[in-house]
Student: 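Provided herewith is a single structure, encoded as C-alpha cells, for subsequent inquiry.
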Amino acid sequence: MTTIDPAAAPDYGVSASYRTCRFTGLRIEANAEILIKVNAVAAVLFLALGGLMGLLVALTRWPAIQLLDAEWFYLILTGHGANVLLFWIIFFEIAVLYFASAVILGARLATPKIAWLAFILMVVGAVMANYAVLRGDSTVMFTSYPPMMASQWFYLSLIIFAVGALLAVFVFFGTLVVAKSENTYDGSVPLVTFGAITAAIIAVFTLASGAIILIPTWLWSLGLISNIDSLMYKVVWWGMGHSSQQINVSAHVAIWYAIGAMVVGAKPLSEKVSRTAFLMYILFLQLASAHHILAEPGMSSTWKIVNTSYMMYLAVMGSMIHGLTVPGSIEAAQRRNGFTRGAFEWLTKAPWGNPAFSGMFLSLVMFGFIGGISGVVLGTEQLNVLMHNTIYVPGHFHGTVVAGTTLAFMAMTYLVVPLIFQRDIVWPGLAKWQPFLFGIGAGGISLFMMGAGTLGVSRRHWDLALTDAAHAFEYPAAAYLMMALNGIFAVIAAVGGILFILIVVLSILGGTRLDRAGARLNFPLHDRSREVAEYGSHGTLKLPGTIILVGIFFACFVLYYFVNWKYLSELWLFR
Amino acid sequence: MAITPPSNRLWWKEPIHAIELGWIVIAFLWGLFMFFFMIAWHFIGEQNLSSETYKIRPERYQEKVEAFADEFAAKDDQGNPIEEDGVPVVRPPAGADVYILARLWEFWPILELKRNESYRIHLSSADWQHGFSLQPTNINISVHPGYEHVITLTPTESGEFGIICNEFCGLGHHTMTGRIRVVD
C-alpha cells in the first residue's frame, strides 16, 4: 500500500500571487486576472466582427438598400450567427465564470495552464470557423441542418471550440474546489457564484450535446458516415443550440445581481428564493430543444408539450421570480439608500448616468418584456405554427440575446475594465449614453422583426420581393416598412456597438491607471460603508414600485398570450 | 450582497417574504394554466399540427407526387392540362390525399382546393430541408427529406395563396415558392 504524504505535494496555494482591489476589497489572483483579461478581449473582438456582419445582414434585408448579393448575404449571415451567438458570448461567459469563482471567492484560479490551453483551443476554433465560412463552402447557416453539408473545417472548428470551452468550465469547477479547500470564503458561495455554477452545469450539458451531434456530422462530412438523420440532428443539435442560450440566461441573471450589488449595494431579498429560481434552470431549461421541433413531423404532441413547456413552465417560473427579485432587491437597497418617496423615486434617482447600471436595468426590462414574453408564446405548441421560421424567431432571440445578454455583458464590462484591467473608462460623457443607444437599437430590431414575422416574412431570406421566384407572391406593404425600420434600428444598435468597442479598447489601452493611491473612478461603485446588511424584519419589506412593474409585465404577458390564440383560431383548420 | 456569502449562514431557514411568495404562486399557477391550455386546445381548438408521419425514401415520395399530379391534373375545355409558370395545376376532389413536393427550388405542383373542404396534405422533400410557409395565412411547417408528414387541412377562405420556403436551402432559397388556389 502506498501512503500519501501531504507535505510532499507542492503547495500551489502559497505560490499564487494576489492583489487587493482598492475599490471593492476583493482579493484578485494574478492568473485569474490575466485569463479574465484575455477571454474578455477575445470576446469583444468577436463581438466587433460578428456585430459588423449583423449590420451587413440588416442592411441587406432593408428592401430599399439590399446591400449584399445573395451569395454574400447567406455567407455573412452564417458568420454572424457563429461569431456573436457562440464566440462573443462564450468567451465572455468564460471570463464571467473565472470572475465569479476566483475573484468573488478570493481564490486562485485552478490549473492556469489548462485554462490557457482552453483559451488557445477556443481561439483556434473560432478563427478556423471564420476561415471555413469565408472560404465560401460552408454557407449552411449557424444551424447547419443536414443533408446540406459544410466543409469539414466548419464542423471541426466548432468541435475544437467546444472542447476548449468545456475545459474552461472544468477550470471553473476546479477553482470552486480550490476556494473551498483553502477556505477563502465563509459559509455558502455568494448568489452570483451560485448563478455562475448554474450556467456552468448547463454548459456541460450543452457542450456534450454539441459533441454528440457535431462529431458524427464531421465524420459524415469526411465521408466516413453515409447519412445523418435530419430530424435526429435537429433534436440533438438544439440540445446545444437552445441550451447554450440558457447558459446566457443564467450568466446574465447572475450579472444583474452582481451589478445591483456593486453599483447600488443591493442584497438579495431572500437567498432561498433566488437560489431556488436558479435551481429551476438547472432542472428544466435543457428541455428547450423542443422549441425548435414544434412544427416538425415525427414528434408526438405529448413530447412537444412536456418539453416545450420546460415541464409545466417551471423554468419560466424561475425567470419570473428573478424578474421580481432583481428589481426588488434594487428597490429595497435604494430605499435603504434614502430614496423613499412615492413608488418610483428609487428608480428615477437610480444611477442612470452609470452605464453599468443603465445597461443592466435596460437588459432586465427588455429581456423580460420582449425576449421573455415572445419566447413563451413562440414556444407554445400550437402557436409556434404561426411563426415558425418566420423572422419573428430572430426577433425573439435578438430580444433575449442582444437586448438581454449582450447588453448585460456590456454593462458588466464597464465594471471589469476598471476592476480587472485597472484602467478607468474613457469618454465618460459618451459611455453614459452607450447602453441607451445600443439598447434602443436592439429593442427596435427585436420588435420590428417580430412585427414582420407576424406578417409572414421568412427568416434567412435574401429577397422580400421574391423577384426571381418560381411563382410570384407579394408581401403586404407593412412588411416592407417593418424591414426598413429594422434596418434603421440596426444602424442605431451598430452605432451603440461601435461606441462600446471604441470605449472598451481605448480604456484598456489608454485609460487613466487605477492602480495608484488616490485614483478615483469615473463611474463610482456603491459606497461599501453603506452596504445593506439586512432589509429589516420580513413584515416590513415594502416594494410598491417593483409590484407595479411586475404587475404591468404580467398584464402584458397574459394579453399578448391570448391575442396570439385569437390569431391562431382564425387560421385555416388543420389537424 | 449578491457577491458576498449570505450574511445568515442558515439562509435556507429564513422565511420567504410575502411579496415573493405571492409572485411565486402567481407564476406557478400561470405556468400550470399555459401548460394545460396547450392540452385543452387539442380538444377545443381546430388548429393542431398533426404528428402523423411516415418514413419514406425521397425517390419513392417523388413518384407518389407525380402519380397524384397525373391523376387529378386540371384540364381546360379542350381537355388540355392547365399550367401556370410551367407547373401543372392539380384539382383533387374533396377528402383526397394531396401530395406536395418540396425540392430545390420550388413547391410542386400548384393545387386548386375548395373552400371548407378537407384534404389530407402530404408534405416531404426530395433533397434538403425546406419550410412550408403558407402566406398570407401564416401557417408554417418544417419539411424533411425522408419523412412524409400528413396534415388534414381545411381552407376557410378563398383566393390565391403563396407557399414561401422559410428554411434556408442554398443559394436559390429566395426563389423557392409554390401556390395554392382556393375556390368557392
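Throughout, protein chains are lettered first and strands after them, A, B, ... in sequence-line order, and every chain is numbered starting at 1.
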Student: With respect to chain A, which residue among B/P5, B/S50, B/G31 yields the maximal number of heavy-atom pairs within a distance under 4.5 Å?
Tutor: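 Between B/P5, B/S50, B/G31, the count favours B/P5.
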Student: Heavy-atom cut-off 4.5 Å, strictly under: side chain, backbone, both or neither for B/E84 against chain A?
Tutor: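 Contact with chain A is through the backbone of B/E84 alone.
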Student: Please determine whether the number of non-hydrogen atoms from other residues, nucleotides or ligands lying under 6.0 Å from atom OH of A/Y185 exceeds 12.
Tutor: yes
Student: For chain B, find which of A/S319, A/S300, A/S301, A/P476 contributes the most heavy-atom pairs closer than 4.5 angstrom.
Tutor: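 Option with the greatest count: A/S301.
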Student: Does a sphere of radius 6.0 Å around CZ in A/R575 hold more than 12 heavy atoms from other residues, nucleotides or ligands, not counting ones at 6.0 Å or beyond?
Tutor: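 Counting neighbours around CZ of A/R575, 12 or fewer heavy atoms of other residues, nucleotides or ligands fall under 6.0 Å, so no.
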Student: Would one find more than 12 heavy atoms of other residues, nucleotides or ligands at under 6.0 Å from atom NZ of B/K114?
Tutor: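 No, NZ of B/K114 has 12 or fewer neighbouring heavy atoms, counting only those of other groups under 6.0 Å.
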Student: Is the distance from the ring center of A/Y74 to that of B/H174 below 6.0 Å?
Tutor: yes
Student: Side chain, backbone, both or neither: which part of A/F473 has an atom under 4.5 Å from a heavy atom of chain B?
Tutor: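 Just its side chain gets close to chain B.
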Student: Report which part of B/V87 has an atom under 4.5 Å of a heavy atom belonging to chain A: side chain, backbone, both, or neither.
Tutor: side chain
Student: Give a yes or no on this: more than 12 heavy atoms of other residues, nucleotides or ligands lie within 6.0 Å of atom CZ of B/R57.
Tutor: no
Student: With only heavy atoms counted, which part of A/Y567 is less than 4.5 Å from chain B, the side chain, the backbone, both or neither?
Tutor: side chain
Student: Would you say CD of A/E474 has more than 12 non-hydrogen atoms from neighbouring residues, nucleotides or ligands within 6.0 angstrom?
Tutor: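 Count not over threshold, so no.
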Student: Go through the atoms of A/I293 and report whether side chain, backbone, both or neither lie under 4.5 Å from a heavy atom of chain B.
Tutor: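 Neither part; nothing is under 4.5 Å.
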Student: With A/H461, which of B/E167, B/H173, B/M176 fulfils side-chain contact (heavy atoms from CB on, under 4.5 Å)?
Tutor: B/H173
Student: Measuring heavy-atom distances to chain B, does A/F73 have an atom under 4.5 Å in its side chain, in its backbone, in both, or in neither?
Tutor: neither
Student: Aromatic ring centroids of A/F562 and A/W565 under 6.0 Å?
Tutor: no
Student: Could you walk me through whether B/D127 and B/R103 pass salt bridge (charged side-chain N to carboxylate O under 4.0 Å, His left out), step by step?
Tutor: CA-CA 6 Å; B/D127 32 60; B/R103 65 177 167 205; over 6 Å; no
Student: Could you tell me which of B/L32, B/T137, B/T175, B/N138 has the largest number of non-hydrogen atom pairs under 4.5 Å with chain A?
Tutor: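 Greatest number of close heavy-atom pairs with chain A: B/N138.
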Student: Under 4.5 Å heavy-atom distance to chain B, tell me which part of A/M387 shows up: side chain, backbone, both or neither.
Tutor: backbone
Student: With a 4.5 Å cut-off on heavy-atom pairs, point out which of A/G195, A/S188, A/S309 contacts chain B the most.
Tutor: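 When all of A/G195, A/S188, A/S309 are compared, A/S188 has the most.
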Student: Does the side-chain contact (heavy atoms from CB on, under 4.5 Å) test come out yes or no for B/W30 and A/Y313, once each step is laid out?
Tutor: CA-CA 9 Å; B/W30 174 236; A/Y313 291 102; over 6 Å; no
Student: Can the positive tip of A/R275 be found less than 6.0 Å from the middle of the six-membered ring of A/F194, inside 45° of the ring normal?
Tutor: yes
Student: Is B/L171 in contact with chain A via its backbone, its side chain, both, or neither, using a 4.5 Å heavy-atom distance?
Tutor: both
Student: Between B/Y54, B/F33, B/F132, B/W105, which has the largest tally of heavy atom pairs under 4.5 Å with chain A?
Tutor: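 The residue among B/Y54, B/F33, B/F132, B/W105 with the greatest pair count is B/F33.
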Student: Sort B/W41 into side chain, backbone, both or neither according to what part of it lies under 4.5 angstrom from a heavy atom of chain A.
Tutor: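 Contact with chain A is through both the backbone and side chain of B/W41.
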Student: Which atoms of B/L21 are under 4.5 Å from chain A, going by heavy atoms: the side chain, the backbone, both sets, or neither?
Tutor: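 B/L21 has no heavy atom closer than 4.5 Å to chain A.
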Student: Heavy-atom pairs under 4.5 Å with chain B: which of A/E296, A/M320, A/M148, A/M299 has the most?
Tutor: A/M148
Student: Tell me which of these, A/A469, A/G456, A/P297, has more heavy-atom pairs under 4.5 Å with chain B than the rest.
Tutor: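 Option with the top pair count is A/P297.
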Student: Between chain B and each of A/N389, A/T139, A/D186, count heavy-atom pairs under 4.5 Å; write down the option with the most.
Tutor: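 Maximum pair count with chain B is reached by A/N389.
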Student: I need the residue from B/I39, B/I24, B/D85 with the largest number of non-hydrogen atom pairs under 4.5 Å to chain A.
Tutor: B/D85
Student: Between the side chains of B/Y147 and A/S230, is a donor N or O closer than 3.5 angstrom to an acceptor N or O?
Tutor: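 B/Y147 vs A/S230: no donor-acceptor pair found between side chains.
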Student: Relative to chain B, which segment of A/V140 carries a heavy atom at a distance below 4.5 Å: side chain, backbone, both, or neither?
Tutor: backbone
Student: Considering only heavy atoms, which portion of A/V189 lies under 4.5 Å from any heavy atom of chain B: side chain, backbone, both, or neither?
Tutor: backbone
Student: Give a yes or no on whether the ring-centroid distance for B/H122 and B/Y61 is below 6.0 angstrom.
Tutor: no
Student: Using the side-chain hydrogen bond (donor to acceptor under 3.5 Å, both in side chains) definition, which of the options A/K234, A/H292, A/R460 pairs with A/T143?
Tutor: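 Answer to the side-chain hydrogen bond (donor to acceptor under 3.5 Å, both in side chains) test with A/T143 among A/K234, A/H292, A/R460: A/R460.
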Student: Specify which of B/Q129, B/E148, B/E46, B/E52 makes the most heavy-atom pairs with chain A at under 4.5 Å.
Tutor: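 Highest number of pairs under 4.5 Å: B/Q129.
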Student: Could you check which of A/I305, A/T390, A/I547, A/D468 has the highest count of heavy-atom pairs closer than 4.5 Å to chain B?
Tutor: A/I305
Student: Heavy-atom pairs under 4.5 Å with chain A are the metric here; pick the option from B/R9, B/K55, B/H149, B/M38 that has the most.
Tutor: B/M38
